[in-house]
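Residue numbers count from 1 along this sequence.
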Amino acid sequence: MDFELSDDQRAFAQAARDFALAEMAPFAAGWDAEATFPRSTLRHAGELGFCGLYASAEHGGLGLPRLDATLVFEELAAACPSTTAYLSIHNMATWMVTEFARHEVAAVWGPALASGAKLGSYCLTEPGAGSDAASLRTSAQRDGDVYVLNGGKTFISGAGATDALVVMARTGGPGAAGISAFLVAADSPGIAYGRKEEKMGWNSQPTRAIAFDGVRVPANHLLGEEGQGFKIAMQGLDGGRINIACCSVGAAQSALVAAQRYMHERRQFGKPLADLQALQFKLADMATELVAARQMVRLAAAKLDANSPDAQVYCAMAKRLATDIGFTVCNEALQIHGGYGYTREYPLERYLRDARVHQILEGTNELMRVIVARRLLQDHAPETIR
């Protein structure tokens, strides 16, 4: 067991850090304030490989292990959690296309998505199917050499500004077994986008509902086979949960560093805040918990890379732990800054707003606890979680 990063991993992390400092950090507050979707920045990220980190190399991705991808997402999120979160979702959709699309479809869409020339959205959630994703109602009926999509999705990241939609729709009976996955061109006739949601955070990426009204999708744009869509969606989410956990760790790391710096700069009662033991203890707990969260995320990524049979439960554990701790660290860092932390002169309030939604999406943290508890309560499960 070696907790040290390899030279290649350090190089990936450094490349991401350099990009984040030069092309994200100086603009992140403006993107947030003006609700700007920085497509040109995402395209440049794609030129560096950041849009297809773990997508197959055969179809234009880097083909990195999930562990290596966590290093990149954490560094980028330290500059802008919101934009990095979208990028992580795009990576998830890109992987699903390169992994499950027909060869002729992956050959066209894979390189375009992995390079950032085209952007993708992941479309699972519906107004009546959030945590209970298997109850989704969007339908796809076979009609000759096409499928006809009808229904709607909600809270879709990037919707209205992306080029490809990975859509889960019902082709069979009720439940998970009746769901299939499709790659749908975002400008297909019959697709309509709702208004851009006004959100607490994640303002550098648009979020909209999508309506499908008789949308005709070529049959060869089915991902995998009919009835495999829910399994494909959950496989995508295992990685997506690690990705979003990385975004929380990155945001929290920046918040921790800001709190460290501020405690040396700010003086009260004739001494710097760094001399106050209560705040020393607070900072120590923040650092300790953040290290624990980071290691949990990397353990889950290693499990996923190894195709471990318990990878899903570790991904759920990592997502729950890292997003809860990430939000707490951001909140404590804001508290250390006092009234200044509540203003936009400092980035703490943005980190806090962006990190909050991580406890909700990619499966709520309550649902993550359900996944873990179910595994623990299976026969002989204690031997599989250690």
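Membership of the apolar cluster around Ile156 extends to Tyr147, Leu149, Leu165, Val167, Phe182, Val184, Ile191, Tyr193, Ile210, Phe212, Val215, Val217, Leu222, as traced through chained side-chain contacts below 4.5 Å between ILVMFWY residues. Using a 4.5 Å cut-off between side-chain heavy atoms of Ile, Leu, Val, Met, Phe, Trp and Tyr, Leu67 forms no hydrophobic cluster with any other residue.
A donor-acceptor pair is defined here as one N or O able to donate and one able to accept, closer than 3.5 Å; no such pair exists between the side chain of Thr84 and the backbone of Phe73. Looking at Thr288, its side chain never comes within 3.5 Å of a backbone N or O of Asp285 through a donor-acceptor pair. In terms of modelled atom types and a separation under 3.5 Å, the side chain of Arg208 and the main chain of Ala159 share a donor-acceptor contact. Between the Arg375 side chain and the Ile371 main chain, no donor and acceptor come within less than 3.5 Å of each other. Between the side chain of Asn331 and the backbone N or O of Phe327 there is no donor-acceptor pair closer than 3.5 Å. Without hydrogens or angle criteria, Asp213 side chain to Gly190 main chain gives no donor-acceptor distance under 3.5 Å. The backbone N or O of Gly144 lies less than 3.5 Å from a partner atom in the side chain of Arg142, making a donor-acceptor pair. A donor-acceptor pair under 3.5 Å is absent between the side-chain atoms of Thr83 and the main chain of Cys80, judged by distance alone. Side-chain atoms of Ser88 do not come within 3.5 Å of backbone N or O of Ile244 as any donor-acceptor pair. A donor-acceptor pair under 3.5 Å is formed between the side chain of Asn91 and the backbone N or O of Leu53.
Remark: the Ser40 side chain and the His44 side chain contain no N/O donor-acceptor pair separated by less than 3.5 Å.
If you chain together hydrophobic residues whose side chains sit under 4.5 Å apart, Leu304 and Leu62 never meet in one group. The cluster map of Ile, Leu, Val, Met, Phe, Trp and Tyr, joined by side-chain heavy atoms under 4.5 Å apart, puts Val146 and Val105 in different clusters.
Taking 4.5 Å as the limit, every side-chain heavy atom of Phe100 sits out of range of all side-chain heavy atoms of Gln228. Side-chain contact between Tyr54 and Asp68 is absent, with no heavy-atom pair separated by less than 4.5 Å. Taking the side chain as every heavy atom from C-beta outward, Val297 and Cys246 approach each other to under 4.5 Å. A heavy-atom distance below 4.5 Å is not found between the side chains of Thr171 and Gln141. Between Ile242 and Lys319, every side-chain heavy-atom pair lies at or beyond the 4.5 Å cut-off.
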TODO: Evaluate the side-chain contact (heavy atoms from CB on, under 4.5 Å) criterion for residues Val370 and Glu366: first the C-alpha distance (whole Å), next the side-chain angles of each, then the deciding distance (0.1 Å), finally the verdict.
DONE: CA-CA 6 Å; Val370 169; Glu366 289 75 16; 5.9 Å; no

TODO: Assess whether side-chain contact (heavy atoms from CB on, under 4.5 Å) is satisfied between Leu136 and Ile179, documenting all intermediate values.
DONE: CA-CA 8 Å; Leu136 66 82; Ile179 296 171; 3.7 Å; yes

TODO: Please lay out, stage by stage, how Ser82 and Trp31 fare under the test side-chain contact (heavy atoms from CB on, under 4.5 Å).
DONE: CA-CA 9 Å; Ser82 169; Trp31 295 338; over 6 Å; no

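Between Lys303 and Asp310 there is a salt bridge, since a side-chain N of the basic residue sits under 4.0 Å from a carboxylate O of the acidic one. Salt bridge annotation for Arg66-Asp238: absent, with no cationic side-chain nitrogen under 4.0 angstrom from a carboxylate oxygen. The pair Glu74-Arg294 counts as a salt bridge, with a side-chain nitrogen and a carboxylate oxygen less than 4.0 angstrom apart. Residues Arg170 and Glu226 are not paired through a salt bridge, judged by the lack of any N-O separation under 4.0 Å between the basic side chain and the carboxylate. A salt bridge does not link Lys196 to Glu198: none of the charged nitrogens lies less than 4.0 Å from a carboxylate oxygen.
Evaluation of the salt bridge (charged side-chain N to carboxylate O under 4.0 Å, His left out) test over residues 35-62, restricted to residues two or more places apart or in two chains, returns Arg39-Asp163. The stretch residues 93-110 participates, sequence neighbours left out, in these salt bridge (charged side-chain N to carboxylate O under 4.0 Å, His left out) pairs: Arg102-Glu225. For residues 273-300, there are no ring-ring contact (aromatic ring centres under 6.0 Å, His included) pairs, not counting sequence neighbours.
Atoms CG and CZ, on Asp143 and Arg216 in that order, are 5.0 Å from each other to the nearest 0.5 Å. For the atom pair CG (Leu283) and CG (Leu256), the distance works out to 5.5 Å, reported to the nearest 0.5 Å. One distance of note links CZ of Arg298 with CD of Gln295; it measures 5.5 Å at 0.5 Å rounding. To the nearest 0.5 Å, the span separating OH on Tyr314 from CE on Met296 amounts to 6.5 Å. Rounded to the nearest 0.5 angstrom, Glu197 CD and Asn203 CG are separated by 12.0 Å. Remark: Met96 CE to Leu183 CG distance equals 10.0 Å, nearest 0.5 Å.
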Can you give me every donor-acceptor pair (side chain of residues 258-278, partner residue at least two apart or in another chain, under 3.5 Å) with its distance?
from, atom 1, to, atom 2, distance (Å)
Arg267, NH2, Gly270, O, 2.8

Distance-only criterion, 3.5 Å: show the donor-acceptor pairs between side-chain atoms of residues 125-135 and protein atoms not counting sequence neighbours.
from, atom 1, to, atom 2, distance (Å)
Glu126, OE1, Arg137, N, 2.7
Glu126, OE2, Arg137, N, 3.4
Glu126, OE2, Thr138, N, 3.1
Glu126, OE2, Thr138, OG1, 2.7
Glu126, OE2, Lys153, NZ, 2.9
Asp132, OD2, Ser135, OG, 3.3
Ser135, OG, Asp132, O, 2.7

Donor-acceptor pairs under 3.5 angstrom involving side-chain atoms of residues 113-123: please list them, not counting sequence neighbours.
from, atom 1, to, atom 2, distance (Å)
Ser115, OG, Pro111, O, 2.9
Ser115, OG, Ala112, O, 3.1
Ser115, OG, Ala117, N, 3.3
Ser121, OG, Ser157, O, 2.8
Ser121, OG, Thr162, OG1, 2.9
Tyr122, OH, Ala233, O, 3.1

Would you give me the side-chain donor-acceptor pairs under 3.5 Å for residues 353-363, sequence neighbours excluded?
from, atom 1, to, atom 2, distance (Å)
Arg353, NE, Glu349, OE1, 2.7
Arg353, NH1, Asp32, OD1, 3.3
Arg353, NH1, Met200, O, 2.9
Arg353, NH2, Asp32, OD2, 2.7
Arg353, NH2, Glu349, OE1, 3.1
Arg353, NH2, Glu349, OE2, 3.3
Asp354, OD1, Trp202, N, 2.7
Arg356, NH1, Gln359, OE1, 3.1
His358, ND1, Ser248, OG, 2.8
His358, NE2, Trp202, NE1, 3.3
His358, NE2, Asp354, O, 3.3
Gln359, NE2, Asp324, OD1, 2.7

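Not counting sequence neighbours, Phe12 has no partner by the ring pair (Phe, Tyr, Trp, His ring centres under 6.0 Å) test. Qualifying ring pair (Phe, Tyr, Trp, His ring centres under 6.0 Å) partners for Phe50, counting only residues two or more places apart in sequence or in other chains: Phe19. Legend: residues meeting side chain to side chain contact (heavy atoms under 4.5 Å, CB included) with Gln335, ordered by chain and number and at least two apart, are Glu332.
Atom NZ of Lys199 has more than 12 neighbouring heavy atoms from other residues, nucleotides or ligands inside a 6.0 Å radius. Residue Phe37 qualifies as enclosed at atom CZ: its count of foreign heavy atoms under 6.0 Å is above 12.
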